[in-house]
Amino acid sequence: AADGHYLRAACRFPADAAMAILIPDHSMPTKEARKALPEQYSRADAVHNTGRSALFVAAMAAGNMDLLAEATDDRIHQRQRASLFPPMFDVFEAARGAGAHAVWLSGAGSSIAAICPEGADRDVAAAMLARSQERGYSARSLVTRIAKAGATVSRVELVDD
């Protein structure tokens with residue numbers, strides 16, 4: 001918020017939703033990842049992504065996992081950053097093949113996140129890891145749950161420059 005406070009909202013989501021995360025050893029510094037993005041986007045791409053963001057929130061709130069693949073269809077940063085992590089779309093395919101509802105590049109990258117049924121989380125994580133390694137990129141994977149309370153700051157550490 002403008003006053004410096006963090007805003008958050010708790011989210012209702014399906015109880016069996018889990019996250020599988022691939023964390024490549026290949027770094028993708030935010031500064032470099034930003035260079036891959038164009039200075040401007042078309043109105044159609046901006047409208048597309050804005051609509052998909054709203055669809056993602058609505059799908060999660062309604063528990064409609066079938067909408068998540070479409071809700072994570074991105075035109076703003078994933079294709080543009082694919083050259084920085086070439087196996088990205090192959091990893092996406094592996095995640096979906098192992099049961100993920102949706103998969104996306106997390107933030108500027110290079111981590112890849114997939115939301116999946118709780119029973120498929122380890123299979124999805126393993127499939128993403130295997131595909132990355134097949135393409136010559138070492139990584140690690142993990143599974144986690146979605147924070148019911150929304151984003152929280154669990155520790156603040158001040159570091160002198």
Side-chain angles (χ1 to χ4, degrees), residues 5-30 33-34 36-37 48-157:
H5 289 89
Y6 292 98
L7 301 176
R8 68 184 181 119
C11 180
R12 289 180 35 205
F13 59 89
D16 71 337
M19 299 294 297
I21 312 290
L22 178 77
I23 306 162
D25 292 332
H26 167 79
S27 69
M28 190 186 295
T30 300
R34 285 186 181 144
L37 301 177
H48 176 90
N49 267 51
T50 302
R52 294 319 181 275
S53 295
L55 179 61
F56 187 91
V57 172
M60 290 296 286
N64 189 340
M65 301 292 100
D66 292 338
L67 293 174
L68 292 182
E70 182 63 29
T72 55
D73 180 44
D74 171 79
R75 293 186 187 173
I76 298 293
H77 80 120
Q78 292 181 157
R79 284 178 291 173
Q80 295 83 345
R81 291 177 168 151
S83 64
L84 301 173
F85 185 59
M88 181 173 66
F89 289 113
D90 288 343
V91 170
F92 286 10
E93 179 184 314
R96 287 189 293 267
H101 295 298
V103 58
W104 60 89
L105 181 65
S106 180
S110 59
S111 292
I112 295 174
I115 189 165
C116 46
E118 194 170 35
D121 53 358
R122 294 188 188 284
D123 291 340
V124 171
M128 290 193 302
L129 180 61
R131 187 64 56 90
S132 184
Q133 291 173 336
E134 287 168 12
R135 292 286 310 274
Y137 287 80
S138 60
R140 60 192 169 98
S141 63
L142 59 93
V143 296
T144 189
R145 302 294 170 261
I146 299 169
K148 292 180 182 179
T152 60
V153 176
S154 59
R155 182 173 106 174
V156 174
E157 183 177 327

- Task: Please name all residues satisfying side-chain contact (heavy atoms from CB on, under 4.5 Å) with A82, sequence neighbours left out, ordered by chain then number.
- Result: M88, F89
- Could you name each residue pair satisfying ring pair (Phe, Tyr, Trp, His ring centres under 6.0 Å) that touches residues 113-140, not counting sequence neighbours? H26-Y137, F85-Y137
- Query: Listed by chain and number, what are the salt bridge (Lys or Arg N to Asp or Glu O under 4.0 Å) partners of D90, not counting sequence neighbours?
  - Reply: R135
- Message: Restricting to side-chain contact (heavy atoms from CB on, under 4.5 Å), what partner residues turn up for A126, sequence neighbours left out?
- Response: none
- For Q80, enumerate each residue passing the side-chain contact (heavy atoms from CB on, under 4.5 Å) test, keeping only those at least two apart in sequence or located in another chain. L37, P38, Y41
- Message: Restricting to non-hydrogen atoms, name the atom on A33 and the atom on R81 that form the minimum distance, rounded to 0.1 Å.
- Response: O-NE, 3.1 Å
- Specify the closest pair of heavy atoms between V91 and R131, including all atoms of both residues, with the distance to one decimal. N-CG, 3.9 Å
- With E118, which residues qualify under side-chain hydrogen bond (donor to acceptor under 3.5 Å, both in side chains), at least two apart? R145
- Query: Can you tell me how far CG of D121 sits from CD1 of I115, rounded to the nearest 0.5 angstrom?
  - Reply: 11.0 Å
- Item | Residues which pass side-chain contact (heavy atoms from CB on, under 4.5 Å) with A139, listed by chain and number, not counting sequence neighbours | L22, P24, L129, S132
- Quick one: CD1 on I21 to OG1 on T144, what's the gap to the nearest 0.5 Å? 7.0 Å
What side-chain donor-acceptor pairs closer than 3.5 Å can you find for residues 67-76, not counting sequence neighbours?
| unit_1 | atom_1 | unit_2 | atom_2 | d |
| --- | --- | --- | --- | --- |
| E70 | OE2 | R52 | NE | 2.9 |
| E70 | OE2 | R52 | NH2 | 2.8 |
| T72 | OG1 | L68 | O | 3.0 |
| T72 | OG1 | A69 | O | 3.2 |
| D73 | OD2 | H48 | NE2 | 3.0 |
| D74 | OD1 | N49 | ND2 | 2.7 |
| D74 | OD1 | I76 | N | 3.2 |
| D74 | OD2 | I76 | N | 3.2 |
| D74 | OD2 | H77 | N | 2.8 |
| D74 | OD2 | Q78 | N | 2.7 |
| R75 | NE | H48 | ND1 | 3.4 |
| R75 | NH1 | D45 | OD1 | 3.4 |
| R75 | NH2 | H48 | ND1 | 3.4 |

- Separation between OG (S138) and CD1 (I23), nearest 0.5 Å, reads 12.0 Å
- Note on the structure: Hits for side-chain hydrogen bond (donor to acceptor under 3.5 Å, both in side chains) against S83, two or more places apart or cross-chain, chain-then-number order -> none
- Message: Give me each pair satisfying side-chain hydrogen bond (donor to acceptor under 3.5 Å, both in side chains) with a member in residues 53-67, each pair once, sequence neighbours excluded.
- Response: none
With a 3.5 Å cut-off and sequence neighbours excluded, list the donor-acceptor pairs that the side chains of residues 93-102 form with protein atoms.
none

- Counterpart residues, ring pair (Phe, Tyr, Trp, His ring centres under 6.0 Å), relative to F56 (two or more places apart): W104
